[in-house]
Protein chains: 2
Amino acid sequence: MDSAVARERVLDAAEELFYGRGIQSVGMDAVRGASGVSLKRLYQLFPAKEQLVEAYLERRDERWRGRLAAHVEREADPERRILAVFDWLAEWFGEEGFRGCAWINSYGELGATSDRVVAQVRAHKRAFGDYLASLVADAGRPAALAAPLFLLAEGAMVTAGITGSTRPAAEARDAARLLLESR
Amino acid sequence: MDSAVARERVLDAAEELFYGRGIQSVGMDAVRGASGVSLKRLYQLFPAKEQLVEAYLERRDERWRGRLAAHVEREADPERRILAVFDWLAEWFGEEGFRGCAWINSYGELGATSDRVVAQVRAHKRAFGDYLASLVADAGRPAALAAPLFLLAEGAMVTAGITGSTRPAAEARDAARLLLESR
DNA sequence: TTGACGTGAGAACGGGCGTTCTCCTACGGT
DNA sequence: ACCGTAGGAGAACGCCCGTTCTCACGTCAA
């Protein structure tokens, strides 16, 4: 099996397991079993579990932001694009197996013990914040709007994860609309 | 040593360790060492670690909401009381050793594996949401205002934890003020 | 054909940790 | 004084898990 293929299979398995059950409760042996890649190859590809975790967060970040951007770009009006972010959150929250934000969860799990995980989480959140800021700028709105929109989105992710409801997305969207109208 | 005293010492130690380093990375032996309560008594008081975790979250919930309410009640004007919540968040975020919301972190760490922890987290968040709703009602404002205020607060907690900054509290406060003014 | 090499399966190693057990000491009631 | 009980210190037990090692097998170059 090609090395690149093995890598993908490992990351696919790791993502499903880490996101669904938490990182610490998933052993390398479970990743081996779910991916079909032997332990030996697994350790050649990722010399330690922490590096697999890093790669998992990194690839998920690319995909997550890609999916968000793809959804937002289907909307032409720059103002509505901002609200489309919250529509996409609603879709995401409603997906089978949704269990909150992977980065917020990872921070809760490993924030105190792994600097590299913290760096990944910060990078992801900064990228998401920057993206929101770019949408605000494209709509010709004051830059100060980006921060509250970001907080609403984060609050919605956390709350949707904990309560298992998609409602926070709609609530955040309503609040975002009010903020947009008030300035 | 009195049983009640031992219990308090254990919970004090557990809270400091669990909050500061994460729950899974703190062994019962560390709790013993930090509390000065022997393993035997520790297991008499809390027959399993999960029950200690539950008790930790429960006691912290009482104290956390107590501190918040005490701060809010220093403000007489019911409208300003709502904003006082965010002022208190700023104080909290600035405390030495602040590392985000204990319940959000616990959910990230154990949400997938411990139903009892999930129940604690939900109970805490519901209580906080209900408290916000009561402040909104006392101010004679539409009940629909409570949800966005809650999301702003949650987003601020998460963001302050991850970035280590107190700024999200001020940003959330500003957004809350705008929402209050717009309705 | 042969031999070096990569690989897979799974055992093995080392350490950590939740929980229990052992043993010893101290003390309180009679 | 004696005995039963509680408690402390820490060893011990099981189990899990990250990581490495063993060994047998297949492959490909010379």
Side-chain angles (χ1 to χ4, degrees), chain A residues 1-57 105-106 108-117 120, chain B residues 1-57 105-106 108-117 120:
Chain A
M1 189 194 304
D2 190 345
S3 220
V5 175
R7 195 187 156 87
E8 284 306 294
R9 289 204 191 167
V10 168
L11 285 173
D12 288 344
E15 176 157 5
E16 174 151 353
L17 292 169
F18 286 162
Y19 178 71
R21 300 196 216 151
I23 293 167
Q24 308 209 57
S25 79
V26 171
M28 293 298 269
D29 205 58
V31 175
R32 178 193 59 79
S35 65
V37 172
S38 75
L39 272 179
K40 191 168 222 163
R41 292 256 276 177
L42 218 171
Y43 274 93
Q44 282 172 0
L45 294 164
F46 306 97
K49 187 181 183 183
E50 190 175 31
Q51 300 181 40
L52 174 57
V53 172
E54 254 185 289
Y56 145 62
L57 291 174
N105 290 347
S106 300
E109 205 175 341
L110 299 168
T113 50
S114 166
D115 292 339
R116 323 200 39 145
V117 166
Q120 285 289 332
Chain B
M1 189 194 305
D2 190 344
S3 221
V5 175
R7 194 186 156 87
E8 284 306 294
R9 290 205 190 167
V10 168
L11 286 174
D12 287 345
E15 178 158 3
E16 175 151 352
L17 291 170
F18 287 161
Y19 178 71
R21 299 196 218 154
I23 293 167
Q24 308 208 59
S25 78
V26 171
M28 292 298 269
D29 204 60
V31 176
R32 178 193 58 79
S35 65
V37 172
S38 76
L39 234 39
K40 193 169 218 162
R41 289 201 63 176
L42 218 171
Y43 274 92
Q44 283 172 359
L45 295 164
F46 305 96
K49 187 182 183 183
E50 190 174 31
Q51 300 182 42
L52 174 57
V53 172
E54 254 185 290
Y56 145 61
L57 290 174
N105 290 347
S106 300
E109 204 176 341
L110 299 168
T113 51
S114 167
D115 292 339
R116 324 204 32 149
V117 166
Q120 285 290 330

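So you know, we letter chains A, B, ... as the sequences are listed, proteins then strands, and number each from 1.
- One N or O on the side chain of A:K49 and one on the backbone of A:I23 form a donor-acceptor pair closer than 3.5 Å.
- In this structure, the CG atom of B:L42 is 14 Å from the C1' atom of C:dT20, given to the nearest Å.
- Side-chain contact, B:S114 with B:E50: a donor N or O sits under 3.5 Å from an acceptor N or O.
- A donor-acceptor contact under 3.5 Å is formed by the side chain of A:K40 with the base of C:dG8.
- When the P atom of D:dG18 is taken as reference, atom CD1 of A:I23 falls 12 Å away, rounded to whole Å.
- Between the CG atom of B:L39 and the C1' atom of D:dA12 there is a distance of 12 Å, rounded to whole Å.
- In this structure, the OH atom of A:Y43 is 12 Å from the P atom of D:dC17, given to the nearest Å.
- For the pair A:L45 CG and D:dT19 C1', the interatomic distance rounds to 15 Å; values are reported in whole Å.
- Comparing D:dT20, C:dG8, C:dG18 by their nearest atom to the side chain of B:K49 picks out C:dG18.
- The CZ atom of A:R32 sits 14 Å away from the C1' atom of D:dG18 (whole-angstrom rounding).
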Trace of the salt bridge (charged side-chain N to carboxylate O under 4.0 Å, His left out) decision for B:D12 with B:R9: CA-CA 5 Å; B:D12 287 345; B:R9 290 205 190 167; over 6 Å; no
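- Contact annotation: B:Q44 side-chain N/O to D:dA6 OP1/OP2 distance is not under 4.0 Å.
- The shortest side-chain heavy-atom distance between A:E109 and B:Q24 falls under the 4.5 Å cut-off.
- Using a 4.0 Å heavy-atom distance criterion, B:V26 is classed as a sugar-phosphate-only contact.
- Nucleotide C:dC17 holds its P atom 15 Å from the CG atom of B:L52, rounded to whole Å.
- D:dG8 atom P lies 5 Å from atom CZ of B:R41, rounded to whole Å.
- In this structure, B:Q24 reaches neither bases nor backbone, as no heavy-atom distance under 4.0 Å exists between it and the strands shown.
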